[in-house]
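Single-structure report; data block below.
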Amino acid sequence: MMSFLFLLLVGILFPATQAKQFTKCELSQVLKDMDGYGGITLPEWICTIFHSSGYDTKTIINNNGKREYGLFQINNKLWCRDNQILRSRNICGISCDKFLDDDLTDDMMCAKKILDSEGIDYWLAHKPLCSEKLEQWRCGKS
């Protein structure tokens, strides 16, 4: 009984931030402040994220000795730190696991740094899949 009460108390005091599988419209609402940032429209972001992570915040992909995390597939070699690459440059100054939760504030901040530094071509899906014919990636009233 004591262990149950302890677990209940821990759950109340330290609620877990959950991973989230977004829909296109949910994600459009959350990312609305990124519309136009660096010349990239919201439908371009929505398309790019779909092809990078399937709108799933818990996505981790192993890619040529590095790991890419979360919706924006931010890699641990340059942008965040994890226990796989101990000498990461960690340009965004954040633990990679922060990109796996449903709070996209830090994800968007880091994605903007990547866009400013590397451009949209950092996200390989953008050019072949998300640079034109974007109507299907819009959400809301037509």
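Only heavy atoms go into these numbers, but all of them, side chains included; no hydrogens, no water, no symmetry mates.
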Close side-chain approach of [X] and [Y], heavy atoms under 4.5 Å:
X: Tyr69; Y: Asn75; value: no
X: Leu104; Y: Phe22; value: yes
X: Phe72; Y: Ser53; value: no
X: Glu68; Y: Ile60; value: no
X: Thr59; Y: Ile61; value: yes
X: Phe99; Y: Trp79; value: no
X: Leu71; Y: Leu27; value: yes

For [X] and [Y], work out which heavy atoms get closest and say how close.
X: Cys130; Y: Leu134; answer: O-CD2, 3.4 Å
X: Ala125; Y: His51; answer: CB-CB, 3.6 Å
X: Ile74; Y: Ala111; answer: CD1-N, 4.4 Å
X: Gln21; Y: Gly54; answer: NE2-O, 2.7 Å
X: Gly70; Y: Gln73; answer: O-NE2, 2.7 Å

[atom1]-[atom2] distance between [X] and [Y], expressed to the nearest 0.5 angstrom:
X: Lys24; Y: Ile46; atom1: NZ; atom2: CD1; result: 9.0 Å
X: Leu31; Y: Asp107; atom1: CG; atom2: CG; result: 9.0 Å
X: His126; Y: Ser52; atom1: NE2; atom2: OG; result: 10.5 Å
X: Leu78; Y: Arg89; atom1: CG; atom2: CZ; result: 6.0 Å
X: Thr105; Y: Met108; atom1: OG1; atom2: CE; result: 5.5 Å
X: Leu115; Y: Tyr122; atom1: CG; atom2: OH; result: 11.5 Å

If we ignore hydrogens and angles and just use 3.5 Å, is the side chain of [X] paired with the main-chain N or O of [Y] as donor and acceptor?
X: Ser117; Y: Ile114; result: no
X: Asn83; Y: Leu86; result: no
X: Ser88; Y: Asn76; result: yes
X: Asn90; Y: Ile94; result: yes
X: Gln29; Y: Glu26; result: no
X: Thr57; Y: Lys20; result: yes

(request) Evaluate whether atom NZ of Lys112 has more than 12 neighbouring non-hydrogen atoms of other residues, nucleotides or ligands under 6.0 angstrom away. (result)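 Enclosed.
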
(request) State whether the number of non-hydrogen atoms from other residues, nucleotides or ligands found under 6.0 Å of Lys66 atom NZ is greater than 12. (result)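 Atom NZ in Lys66 is crowded, with more than 12 foreign heavy atoms closer than 6.0 Å.
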
(request) Give every residue pair that meets the disulfide bond (SG atoms under 2.5 Å apart) criterion with at least one member in residues 51-90, sequence neighbours excluded. (result)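 The answer is Cys80-Cys96.
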
(message) With side chain to side chain donor-acceptor pair (under 3.5 Å) as the criterion, how do Asn62 and Arg67 come out once you've worked through the C-alpha distance, each side chain's angles and the decisive distance to 0.1 Å?
(response) CA-CA 5 Å; Asn62 293 309; Arg67 282 193 183 140; 3.1 Å; yes

Show the atom names and distances, to 0.1 Å, of all donor-acceptor pairs under 3.5 Å that link a side chain in residues 33-43 to residues at least two apart or in another chain.
residue, atom, partner, partner atom, Å
Asp35, OD1, Leu42, N, 2.8
Tyr37, OH, Asp116, OD1, 2.9
Tyr37, OH, Asp116, OD2, 2.7
Thr41, OG1, Glu44, N, 3.3
Thr41, OG1, Glu44, OE1, 3.0

(request) Give the ring-plane orientation class for Trp137 versus Phe50, where under 30° counts as parallel, over 60° as perpendicular and anything between as tilted. (result) tilted

